[in-house]
Amino acid sequence: QVQLVESGGGVVQPGGSLRLSCAASGSISVIYTMGWYRQAPGKQRELVATISRGGSTNYADSVKGRFTISRDVANNMVFLQMNSLKPEDTDVYYCYVIHGFRDFWGQGTQVTVSS
């Protein structure tokens, strides 16, 4: 099984930046895709960004130009650099991994954008 641990969340003012990190551990062979989702109270969990093992990326329209996803394949880590943060970015952010034929989720890290 795979365990995911997120870090880097916190409280930031509008226009500020945060960098989220996620480390995968456990019985790992090949992780094909890693990414980030987010979920605000009363809303559906939505995709923020994904990155494949080969480096192909996909972003939600709402974060394009502001967020950048990256990956350290050798160390089973994924990162999300978040710039120009807006209040509407306030969410719990979840690390996501496709390993083998299964999906795995982290426990989430809170990001709050507020004055």
Side-chain angles (χ1 to χ4, degrees):
Q1 297 295 307
V2 175
Q3 295 81 46
L4 305 176
V5 179
E6 304 105 327
S7 62
V11 180
V12 66
Q13 292 185 327
S17 297
L18 287 172
R19 182 175 174 86
L20 305 184
S21 299
C22 175
S25 62
S27 182
I28 298 174
S29 56
V30 178
I31 296 176
Y32 296 101
T33 299
M34 305 186 81
W36 295 92
Y37 285 69
R38 65 187 183 185
Q39 186 172 23
K43 295 178 62 179
Q44 194 79 18
R45 187 173 297 184
E46 65 175 353
L47 179 140
V48 177
T50 61
I51 184 167
S52 73
R53 189 174 182 86
S56 297
T57 58
N58 184 45
Y59 295 92
D61 288 340
S62 60
V63 307
K64 287 181 179 177
R66 299 189 298 120
F67 292 8
T68 302
I69 189 169
S70 60
R71 178 176 180 174
D72 184 338
V73 174
N75 292 300
N76 297 315
M77 297 189 70
V78 64
F79 309 92
L80 186 68
Q81 179 66 45
M82 304 185 293
N83 298 326
S84 302
L85 283 162
K86 305 174 181 179
E88 51 263 44
D89 295 318
T90 295
D91 282 308
V92 177
Y93 285 71
Y94 296 89
C95 182
Y96 170 75
V97 164
I98 299 176
H99 178 264
F101 298 101
R102 298 182 179 182
D103 299 344
F104 296 89
W105 296 90
Q107 65 181 358
T109 184
Q110 176 70 49
V111 172
T112 301
V113 184
S114 176
S115 298

Walk me through it: do R53 and R71 pass the test side-chain contact (heavy atoms from CB on, under 4.5 Å)? CA-CA 8 Å; R53 189 174 182 86; R71 178 176 180 174; 3.9 Å; yes

Linked, directly or transitively: [X] and [Y] (ILVMFWY side chains, under 4.5 Å):
| X | Y | result |
| --- | --- | --- |
| L80 | Y37 | no |
| I28 | F104 | yes |
| I69 | V92 | no |
| L4 | Y32 | no |
| V48 | M77 | no |

Nearest heavy-atom neighbours spanning S27 and H99: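 Shortest heavy-atom contact: O-CE1, 3.5 Å.
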
Atom of M34, atom of A24 and distance for their closest heavy-atom approach: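 Minimum heavy-atom separation between M34 and A24: CE-CB, 4.5 Å.
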
Rounded to the nearest 0.5 Å, how far apart are [atom1] of [X] and [atom2] of [Y]?
| X | Y | atom1 | atom2 | value |
| --- | --- | --- | --- | --- |
| Q81 | S70 | CD | OG | 8.5 Å |
| F79 | R19 | CZ | CZ | 5.5 Å |
| Y59 | I51 | OH | CD1 | 7.0 Å |
| S62 | D89 | OG | CG | 7.0 Å |
| M82 | T68 | CE | OG1 | 11.0 Å |
| D91 | E46 | CG | CD | 6.5 Å |

Between F67 and L85, does the side-chain contact (heavy atoms from CB on, under 4.5 Å) criterion hold? Intermediate values first, please. CA-CA 9 Å; F67 292 8; L85 283 162; 3.8 Å; yes

Is the shortest heavy-atom distance from the side chain of [X] to the side chain of [Y] under 4.5 Å?
| X | Y | value |
| --- | --- | --- |
| N58 | L47 | yes |
| K86 | V113 | no |
| W36 | C95 | yes |

Report, as yes or no, whether the 6.0 Å neighbourhood of atom CD on Q44 holds more than 12 heavy atoms from other residues, nucleotides or ligands.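 No, because the 6.0 Å sphere around CD of Q44 holds 12 heavy atoms or fewer from other groups.
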
The test is side-chain contact (heavy atoms from CB on, under 4.5 Å); show your working for V97 and R102 and say whether it passes. CA-CA 8 Å; V97 164; R102 298 182 179 182; over 6 Å; no

Would you check if the side chain of Q107 reaches a backbone N or O of V5 as a donor-acceptor pair within less than 3.5 Å?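 No; judged by distance alone, with no hydrogens or angles, the pair does not exist.
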
Keeping the roles fixed (side chain from N83, backbone from S17), state whether a donor-acceptor pair exists under 3.5 Å.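 No; judged by distance alone, with no hydrogens or angles, the pair does not exist.
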
Pick one: which of T33, T50, D103 meets side chain to side chain donor-acceptor pair (under 3.5 Å) with Y96?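 Going through T33, T50, D103 one by one, the side chain to side chain donor-acceptor pair (under 3.5 Å) with Y96 is satisfied by D103 alone.
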
Distance only, no hydrogens: is a donor on one side chain within 3.5 Å (strictly under) of an acceptor on the other, for Y93 and R38?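 A pair is found: one side chain offers a donor N or O, the other an acceptor, under 3.5 Å apart.
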
